[in-house]
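The structure displayed is predicted, hence computed values, not measured ones. Hydrogens, waters and symmetry mates play no part in the numbers below; they use all other heavy atoms, side chains included. This chain uses plain numbering: 1 for the first residue, then up along the sequence. Whatever order the structure lists ligands and atoms in, that order sets their numbers, starting from 1.
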Amino acid sequence: MERATRIKNLTLEEKASLCSGKDFWKTKEISRLGIASLTMSDGPYGIRKQTEEENYLDFHTAKKYICFPTAAGMAASFNRELWYLLGQTLAEECRAEGIDILLGPAMNIKRSPLGGRNFEYLSEDPLLSGTLAAEYVKGIQENGVSACVKHFAVNNQESRRMKQSSNVDERTLHEIYLSNFERVIREAKPDTVMCSYNQINHEYTAESRRLLTGLLREEWGFEGCVITDWGAVCDRVRGLFAGVDLEMPASGGETDREIINAVETGSCPEEVLDTTVNRILELEEKHRGKTKTVYSHEEHHRIAEKIAEECLVLLKNEDEALPLPESGMKIAWIGDMAENPRTKGGGSSHINSWNTVSPLDAAAEMGVRLRYAKGYAPEKTENTQALTEEALETAAWADCAVIFAGLPEQYESESYDRKDLKLPEEQNELIERIAAIQPRTVVVLMNGSPVEMPWKDRVSAILEAYLAGEGAGSAVAHTLFGRINPSGHLAETFPERLEDTPCYLDFPGDGDEVDYREGVFVGYRHYLSRRIPTVFPFGRGCSYTAFTYEIRGVSSRTFCEGEELLVETVVKNTGMRKGKAVLQLYVEPQAGAAFRQRPLRELRAFEKTELMPGEEKRILIRLDDRAFSSYDARQHRWYITPGEYSIQLGEDCETIVSQTAVFARPRAEKPMYIHRNTLLEDYLRSEETAEIIREELPRLLGYMGLNTSEEIPPFVYGLPLRAFRGFSDGKFTGEEERRLLERLEDAQKRKGGEVWKDRNCSERSI
Ligand code: BGC
């Protein structure tokens with residue numbers, strides 16, 4: 001039966017019933033019309049499918065599934081194929097389990113390193129976040145399962161997440177907090193989007209028509225269903241108008257009745273409901289006739305290991321402390337996490353792992369002999385002093401000590417944020433004491449978000465393992481002993497101190513109001529632009545081999561909006577081992593183009609590639625409009641400020657190794673304010689108006705008793721046209737001013753440019 005006919009055949013009650021869940025994980029069916037129930041599950045980095053008997057709020061009871069690395073580490077891979085592979089692998093598991101919609105990717109921007117769910121999110125950079133998440137969505141959906149992009153939008157903290165208002169200006173919204181979502185919607189066409197709990201500028205996202213219809217559907221072309229986060233609905237009917245299709249979980253029919261009532265009393269036209277029903281039925285149709293798959297846990301476990309191997313970031317490796325030899329050296333492994341690794345996040349994304357391999361197990365499997373000491377006790381029930389003494393003794397005996405440290409699971413989870421950036425004090429102390437007696441000390445970190453490293457300069461090497469899933473143990477062991485060459489790069493900055501972070505004074509707000517005062521200066525955009533030193537910058541990642549990077553040329557020295565620019569790069573492996581290089585392409589606006597406050601430089605493209613020792617590869621990297629644009633809130637659109645832009649290859653965001661320049665410009669220049677309040681220096685910025693002003697200037701200056709043969713005093717450029725009347729003692733008359741404005745306006749129009757009529761600088765009141 002055609003969808004339109006099916007909608008016609010539905011009663012009002014049936015239509016409304018489709019708009020909310022049947023229980024925690026399912027949509028409602030309507031058997032008489034063959035409409036089936038759909039099943040959802042968390043997500044995002046492994047399945048958390050609960051049985052009907054299990055309590056939703058008990059995140060630990062779910063069945064066992066393969067646990068993959070969380071997004072923090074996954075993003076550090078900078079590897080698109082890996083994200084696709086993760087999506088594809090999860091889709092196979094979903095199909096085996098009868099899951100139609102997987103609730104991921106979770107992709108909010110990391111505004112503060114304290115964000116409780118940062119382990120589950122990708123990056124502080126929207127390009128990296130959007131590009132990788134898009135591959136995950138494709139991997140899931142091209143294999144028969146729907147993805148659910150969440151949490152849309154500006155849900156950057158857990159504190160009071162169901163109430164707080166993220167107060168953000170229009171430019172920052174578009175450049176930072178929405179553009180990653182926009183990329184995923186446009187590139188990967190997800191079937192569903194989950195709107196978030198919070199408010200944006202005092203409007204709940206579940207009620208924001210501008211967000212869910214204006215932007216998401218009309219501007220970005222989203223055609224799927226909007227699902228609410230669990231319990232995010234306030235006013236169901238307002239939500240329906242805004243574009244919310246499915247309320248989750250179940251309201252016991254209460255909110256369905258509110259919809260029925262609104263239609264019956266005429267406050268909601270039935271067509272609004274039909275539009276939503278149409279989208280829900282379209283989603284249901286996509287999942288018809290699907291066959292169940294079977295998958296091998298062993299095989300997926302191996303995939304989890306393979307993925308984990310690319311998520312580890314070697315932050316520091318002095319005097320080639322790593323890799324370690326597999327034999328012939330006395331090696332001490334210290335720290336409870338070597339035995340009980342932290343591999344996953346908490347809250348709704350908690351996965352009951354199928355087979356977690358510890359680093360100790362993995363080393364044993366490799367046949368490596370080492371001495372282990374627990375070092376610290378997670379439960380604090382054991383004799384701490386005895387553990388420390390044993391650890392120090394073991395470290396003193398060894399030629400190299402590897403300390404496993406990290407954040408316990410309760411430190412970072414859904415529904416609350418971290419209070420500071422510290423590791424547990426006993427771990428910091430242990431590292432300091434071991435580093436004092438053992439010159440070759442290596443630290444392996446297992447945490448979902450950045451930590452302070454007061455001991456950084458006193459240890460030889462640091463390997464950031466993030467929360468690398470059930471394959472963490474073997475990935476870490478294989479990396480420490482050099483079977484794997486690390487290739488992860490930080491997708492976020494590791495700051496020196498909490499006080500240095502961009503929103504230190506505004507996170508998590510005063511409870512209800514969270515003002516995003518740092519604007520677009522989030523993550524590395526903040527540290528670079530304000531020249532604030534960091535412990536490890538965005539993009540940092542060492543390797544056991546060495547690479548050189550070079551920009552050989554660009555397809556054109558000028559770029560006009562709508563075109564594409566090809567950047568020819570060359571990367572060479574100059575070391576002795578096979579390894580994967582990440583090419584990070586940044587764009588830095590130069591003087592003219594940086595007229596508006598812009599971040600010093602921004603990541604605009606990236607590529608990852610594997611090279612054998614001595615191998616060289618030529619890689620073409622494409623740049624489009626967005627590489628040069630910023631969002632202009634006055635025009636409500638992206639805009640390329642005409643000027644010179646430096647295109648740079650960086651080993652990380654601070655270390656630029658090769659660069660070239662192009663001149664970029666918009667297709668149509670920004671409309672101009674032709675107004676008596678417009679400053680002379682602004683008129684001089686556009687060729688057409690500048691010509692007229694230059695012609696008129698001697699007369700204007702003459703009125704003021706100034707001589708044009710002498711140098712023009714700088715204050716003159718800061719005068720609005722109207723000021724010439726006062727400064728000329730009325731010689732420059734109102735009539736002259738009007739005529740001059742007309743000439744300026746004509747000139748601007750003749751050139752095909754637009755004139756801004758509706759605003760001037762005195763428009764806003766206090
Ligand atoms: C979380 C979502 C999750 C949902 C279902 C919510 O609390 O914010 O990310 O998908 O619960 O468990």
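- Between the choices D42, D229, N155, the shortest heavy-atom distance to atom 5 (C) of ligand 1 belongs to D42.
- The atoms of ligand 1 that sit less than 4.0 Å from any heavy atom of R117 are 1 (C), 2 (C), 8 (O), 9 (O).
- A side-chain donor-acceptor contact under 3.5 Å links R117 and S348.
- Applying the side chain to side chain contact (heavy atoms under 4.5 Å, CB included) test between K150 and each of S196, P44, P190 identifies P44 as the sole match.
- When each of E124, E412, E120, E492 is tested with K110 by the rule salt bridge (charged side-chain N to carboxylate O under 4.0 Å, His left out), just one qualifies, namely E492.
- Residues E298 and N355 have side chains that never bring a donor and an acceptor to within less than 3.5 angstrom of each other.
- Atoms of ligand 1 lying under 4.0 Å from at least one heavy atom of K150, given by number and element, are 2 (C), 3 (C), 9 (O), 10 (O).
- Contacts of R161 with ligand 1, taken as heavy-atom pairs under 4.0 Å, involve the side chain alone.
- The pair E309-K306 does not meet the salt-bridge criterion, since no charged nitrogen lies less than 4.0 angstrom from a carboxylate oxygen.
- The aromatic ring centres of Y524 and H526 sit 6.0 Å or more apart.
- Set against the non-hydrogen atoms of M194, the atoms of ligand 1 under 4.0 Å away are 10 (O).
- Checked by distance only, ligand 1 and W25 stay at 3.5 Å or farther apart across all their nitrogen or oxygen atoms.
- Note that R95 lies outside the cation-pi zone of Y295, set by a 6.0 Å cut-off to the ring centre and a 45° limit from the axis.
- Ranking protein heavy atoms by distance to atom 7 (O) of ligand 1, first place goes to E414 OE2, 2.7 Å.
- The ligand atoms of ligand 1 that sit less than 4.0 angstrom from a heavy atom of H151 are 2 (C), 8 (O), 9 (O).
- Listed by number with element, the atoms of ligand 1 under 4.0 Å from a non-hydrogen atom of L103 are 10 (O).
- Between W230 and ligand 1, a contact under 3.5 Å exists for no N or O pair.
- Against a heavy-atom cut-off of under 4.0 Å, R48 is close to the following atoms of ligand 1: 12 (O).
- Among protein heavy atoms, the minimum distance from atom 11 (O) of ligand 1 is reached at Y56 OH, 2.8 Å.
- A cation-pi arrangement is absent between R111 and F507, since the terminal nitrogen or guanidinium carbon is not both under 6.0 Å from the aromatic centre and inside a 45° cone about the axis.
- Among all heavy-atom pairs drawn from P424 and P408, the shortest one is CG-CD, 3.7 Å.
- Within the structure, ligand 1 has Y197 among the residues with a heavy atom less than 4.0 angstrom away.
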